[in-house]
There are 4 protein chains.
Amino acid sequence: MIVVMKAHAAEAEIEAVVRMVEELEYRAHVIRGVERTVVACVGEERGEAHSLQHLESVPGVERVMPVLRSFKLASREVRPEGSIIDVAGILIGGRRLVVMAGPCAIESAQQIEAAAVAVKHGGANLLRGGAYKPRTSPYSFQGMEDQGLYLLEDAGRKVGLPVVTEIMDTQDVDLVAEHADMLQVGARNSQNFSLLRRLGKIRKPILLKRGMSTRVDEFLMAAEYILSEGNPNVVLCERGIRTFETATRNTLDLNAVPLLKEWTHLPVIVDPSHGTGIWSLVKPMALAAVAAGADGLLIEVHPNPASALSDGPQQLKPESFEELMSALRPVSEAVGRSL
Amino acid sequence: MIVVMKAHAAEAEIEAVVRMVEELEYRAHVIRGVERTVVACVGEERGEAHSLQHLESVPGVERVMPVLRSFKLASREVRPEGSIIDVAGILIGGRRLVVMAGPCAIESAQQIEAAAVAVKHGGANLLRGGAYKPRTSPYSFQGMEDQGLYLLEDAGRKVGLPVVTEIMDTQDVDLVAEHADMLQVGARNSQNFSLLRRLGKIRKPILLKRGMSTRVDEFLMAAEYILSEGNPNVVLCERGIRTFETATRNTLDLNAVPLLKEWTHLPVIVDPSHGTGIWSLVKPMALAAVAAGADGLLIEVHPNPASALSDGPQQLKPESFEELMSALRPVSEAVGRSL
Amino acid sequence: MIVVMKAHAAEAEIEAVVRMVEELEYRAHVIRGVERTVVACVGEERGEAHSLQHLESVPGVERVMPVLRSFKLASREVRPEGSIIDVAGILIGGRRLVVMAGPCAIESAQQIEAAAVAVKHGGANLLRGGAYKPRTSPYSFQGMEDQGLYLLEDAGRKVGLPVVTEIMDTQDVDLVAEHADMLQVGARNSQNFSLLRRLGKIRKPILLKRGMSTRVDEFLMAAEYILSEGNPNVVLCERGIRTFETATRNTLDLNAVPLLKEWTHLPVIVDPSHGTGIWSLVKPMALAAVAAGADGLLIEVHPNPASALSDGPQQLKPESFEELMSALRPVSEAVGRSL
Amino acid sequence: MIVVMKAHAAEAEIEAVVRMVEELEYRAHVIRGVERTVVACVGEERGEAHSLQHLESVPGVERVMPVLRSFKLASREVRPEGSIIDVAGILIGGRRLVVMAGPCAIESAQQIEAAAVAVKHGGANLLRGGAYKPRTSPYSFQGMEDQGLYLLEDAGRKVGLPVVTEIMDTQDVDLVAEHADMLQVGARNSQNFSLLRRLGKIRKPILLKRGMSTRVDEFLMAAEYILSEGNPNVVLCERGIRTFETATRNTLDLNAVPLLKEWTHLPVIVDPSHGTGIWSLVKPMALAAVAAGADGLLIEVHPNPASALSDGPQQLKPESFEELMSALRPVSEAVGRSL
């Protein structure tokens, strides 16, 4: 941590800062520059240590700049070789790409089964589907809830695919963990720390989506909540961030993919369906995600998007999904991966 | 809802859209323009009605534009005179401004009591303090939890101020509602729909903060979740949005204040502490908020910010809070309000 | 400047960095922390000195963090008492607020004269009007150009108000400087460095608008371009930034007002017309700007907004402008200013 | 254009709107909905026609929604097969990808020649280099200006590559057009309409970069400025937008690539150097750009990035550029393109 003093900080103010830093069990190095004095603080800056950020309110201090990024267990430094997460036998993070596909929301037994057959046939490795739906409007379809969860489990079993579904409430964790192979935390709950901590106490793999306005370092701190409670099975998902651009639903931040691969050992997948909000952009952006180094994809596929109860415009028809998978094969190979 | 057809949409595609619109019980008006045909759909567009947005995935459709904003119970149209919310006898939304003040986090009995005495003395109407703290890092101080809640209640009682505190988990709603006079939903939970729905089932007033990347219409839809479950006691709080600007912690969006006053009947208060993240900007932005039409303020005050366990840089000392309140009086009167 | 080395930087890499730093005539202090080694560089960091930022591409370096903000002549440190800029006898930056008002675009002699009479009557101190208009579409009205400039000058002279107008092209600088009392740089040209440098070579006051996505430090660097060429007469104008919010045309960043007043000695005014894009929000945001510490306002006023050739929705009618000025008086006094 | 009336608009207000619409030579269709009346206006909405947006300031009007996107000559509707732009024999927009590479700034004859040899050897099709540099700070290296331009021309001639360089000032257009094969408009000038119009009057190809906060529709309107003045040779370049994310210099918006390919016939290339600001992310994002459908790349390559006078951290060494080109070949083929 570097404490930058104000231009005309008094000697007594500098000494007071040094004393406070040392009381917090850091060593303080005072460096007197041409226009500013800085106090470099040496000590454990991450993890349980006391933050020095509050020194910003001490007289004479201009600002406090952290030297280290604050995530720790999620850092690639602790596992340079990268993590591989096992979801009911499907390995995420290895050479082979993993494709999770299915409808935005589970609407009926018939619909989820048709979707399951379609995505299995197209080559998906996991079946996705929402039972509990976070909708902007309370008047929109809120999902089939528990009933949807059972239908998803059944549909997955029938076609032989593990299933992943969103969890929205700490109270539902046990139930969902019993019936799903992987629990997804949606963008709106990516900093719902009560939920993250609760998910750290189970062992089922977690698919953690980036929040709409979550910086990459904060995204890793959200993962750190789960990891620090004891659950090492976290897969990250870039799904687009909110920007000034309105032509697409979100701005898919593919920069985050290679950056995350540098910073963390956790696998990274990409959701081009939410990341664009427009079905015709899903295929090119899926290819781009893989070219950027993603470990897998999350794709919305609906047997009949025009009748979908949620997010119709961004869901692929089964035939478009097959087309996407065909296009994906050569791109995967071009970057040394397989499907 | 207006459905815009593509440039060269076939007649059969237009007819198919009309049929789908009518099946959803809207009337369809086809208007043939020079370059585009549009289908105007007449019917109940808000509330429980079926959304037409999914028509965007129908062949020949370019896009679907809603005519109405989607909030309903929160709309000023339903209560042109504005709502006044009663928090244990303190009225929010009337001529008199309401100031809620206190520390970011409750750290000890001594600290919260010192804060309570200071803010009461300074002229605050409610005491605020965090017992459950949503912190970006799992290694940061997470709040005193239940114990903090009891200390807050005691401190408020001693100085005669109602208390407001943040609620993070559906499981804590009953406990917090028993010990606090108002429950705050933080920015990170502003689209935690499980929590919002649960809060709609109690009658205690809710202080709903805007999310970091929540548009004004989405903010009102979050309020709509609470209102539609039966709790009419919602106060909105603008606390800054996330933008590209990094010199301040957030960008306080005061535009939202007069805009919300036009769109909704709910009271609107402003939090310049989070909205700036810098204690020296709190006073000018508090004055600006009131000049823009806010019904009140939420101000972080700590007996000793330099030792604070959370958000030290943005908390005011008691003497700065008094200075703020003194400066606030003439500005309030200048805009026809009182303190 | 602080150079942060990577976690496992080799000793030779650290030594290489020290050598490079010293070759650039800085002194290097090596501080060995628990997890990282940092090299603190002491020397003149601003102005003509060589930047050290490119050390980020040197092997073993993780990142380079500047200690100082990079503006120099614009810094309040060089003129703690604040600058007062004289525009044809009107002083900007003193106790008295300055209001610049007039139409977005000059449309005819009749229109600009009617506007001039109206804003003079309402109490404005300068007349504004656009002769050269930066319009998003090449098919929109592009302004009356030179002809508009002369009409503006005449209208100002008739009512006894100095005039301010936008300059878009280096080739027009001499002409505009001859006919206007103040030259405005619009948001889209706020980082048109050729234009800024050219304006640094004249002595007429410059009204520099913040760009739509310009951070506060970059805004001051834009001012620094003008100052460093020799023109000290710069007034800054906050006019809203671009964010994800679409309910308003821009997000007026009033945080920037008190922040700029801390960082720079240059006067700061606010444009709530562009900052909101909605006429009914102009008055409350004008009051808020003054409460936040602005030295003046830029307000769009049109004799008949419904027929305006540009930006109709955000322009005030003369009677609304008078109402704004009446409301402004008590707020100005409440914050120790006069109108 | 759709005019939405307020909830309780009077009959006289509706009639007044209809009259105004008809005076502007549109036909007006009045549609009376359950909660709102809308007036659909039929007529030529784009190009030279009069905008109806100012109706927003007419009494009783809630808002005005355009039906059509406002670009016209840039629209794919006018040239469904796509444009191919010829830059001194290099075709941009065809099956073959085009790679433009070279240093951020021209620093000396030796440096630009070394760069030219390196990028030619690596397989680039055009040589890029900045002679006039838009730098945030007036104290940073501003480019070698005219001298740099001649050095670039020479270096290109020696290795047999056409050259592209940035133009910042209308006054330099003739000189730059004489010595360069393609003129680049930088992000900060992407809405410098004086410059765009001037570039519409020459025939040399223009490389138009997207502004940091320019929406896709505004980007196409900037192109429209050039096209509407008569120069059809425009290539678009996505180079990252400004968002809240600070881990990367910009957020490369690859969504814009397939979206632009749908909306416009103009070729689209991508600049992953500025789009990320971090050299190690350039290769994965270059591959992603091509997978997303880009027609080419703009890559910063410097013989010795650690000594670069500008943007060192994001420039590739010659060997990294060769590695990128090798990796690019199989990805290009996987998406049906060649290098």
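What you see below is based on every heavy atom in this structure, not just the backbone, and it leaves out hydrogens, waters and symmetry mates. Chain identifiers are assigned alphabetically (A, B, ...) following the order of the sequence lines, protein sequences preceding nucleic acid strands; residue numbering begins at 1 within each chain. Remember, predicted model here, so these are calculated numbers, not experimental data.
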**Request:** Name the region of A/Asn192, side chain, backbone, both or neither, that has any atom closer than 4.5 Å to a heavy atom of chain B.
**Result:** both

**Prompt:** A/Phe141, A/Phe193, A/Tyr132: which one forms the most heavy-atom pairs within less than 4.5 Å of chain B?
**Reply:** A/Phe193

**Asked** When B/Glu218 is tested against each of A/Arg242, A/Arg188, A/Arg135 for salt bridge (Lys or Arg N to Asp or Glu O under 4.0 Å), which residue passes?
**Response** A/Arg242

**Prompt:** What distance separates B/Glu224 CD from A/Tyr139 OH, expressed to the nearest 0.5 Å?
**Reply:** 3.5 Å

**Item:** Separation between CG of B/Asp172 and OG of A/Ser194, rounded to the nearest 0.5 Å
**Value:** 7.0 Å

**Complete:** Checked B/Met20, B/Gln171, B/Arg63, B/Met212 vs chain A; the most non-hydrogen pairs under 4.5 Å come from B/Gln171

**Request:** Name the member of B/Lys317, B/Glu229, B/Gln142 that forms the most heavy-atom pairs with chain A at distances under 4.5 Å.
**Result:** B/Gln142

**Prompt:** Around atom CH2 of B/Trp279, are there more than 12 heavy atoms of other residues, nucleotides or ligands at under 6.0 Å?
**Reply:** no

**Message:** Let's test your reading of the structure: which of A/Ile241, A/Val58, A/Val64, A/Thr170 forms the most heavy-atom pairs below 4.5 Å with chain B?
**Reply:** A/Thr170

**Asked** Rounded to the nearest 0.5 Å, how far does CG of B/Leu220 lie from OG1 of A/Thr136?
**Response** 12.5 Å

**Prompt:** How many angstroms lie between CG in A/Asp217 and OG in B/Ser137, if you round to the nearest 0.5 Å?
**Reply:** 11.0 Å

**Request:** Under 4.5 Å, counting heavy-atom pairs only, tell me which of A/Pro305, A/Ser228, A/Pro138 racks up the most with chain B.
**Result:** A/Pro138

**Fill in**
Looking only at B/Met221, B/Met168, B/Glu56, most heavy-atom pairs under 4.5 Å shared with chain A are made by B/Met221

**Asked** Under a 4.5 Å heavy-atom cut-off, does chain B meet the side chain of A/Gln315, its backbone, both or neither?
**Response** neither

**Item:** Contact class of B/Ser280 relative to chain A, heavy atoms under 4.5 angstrom
**Value:** neither

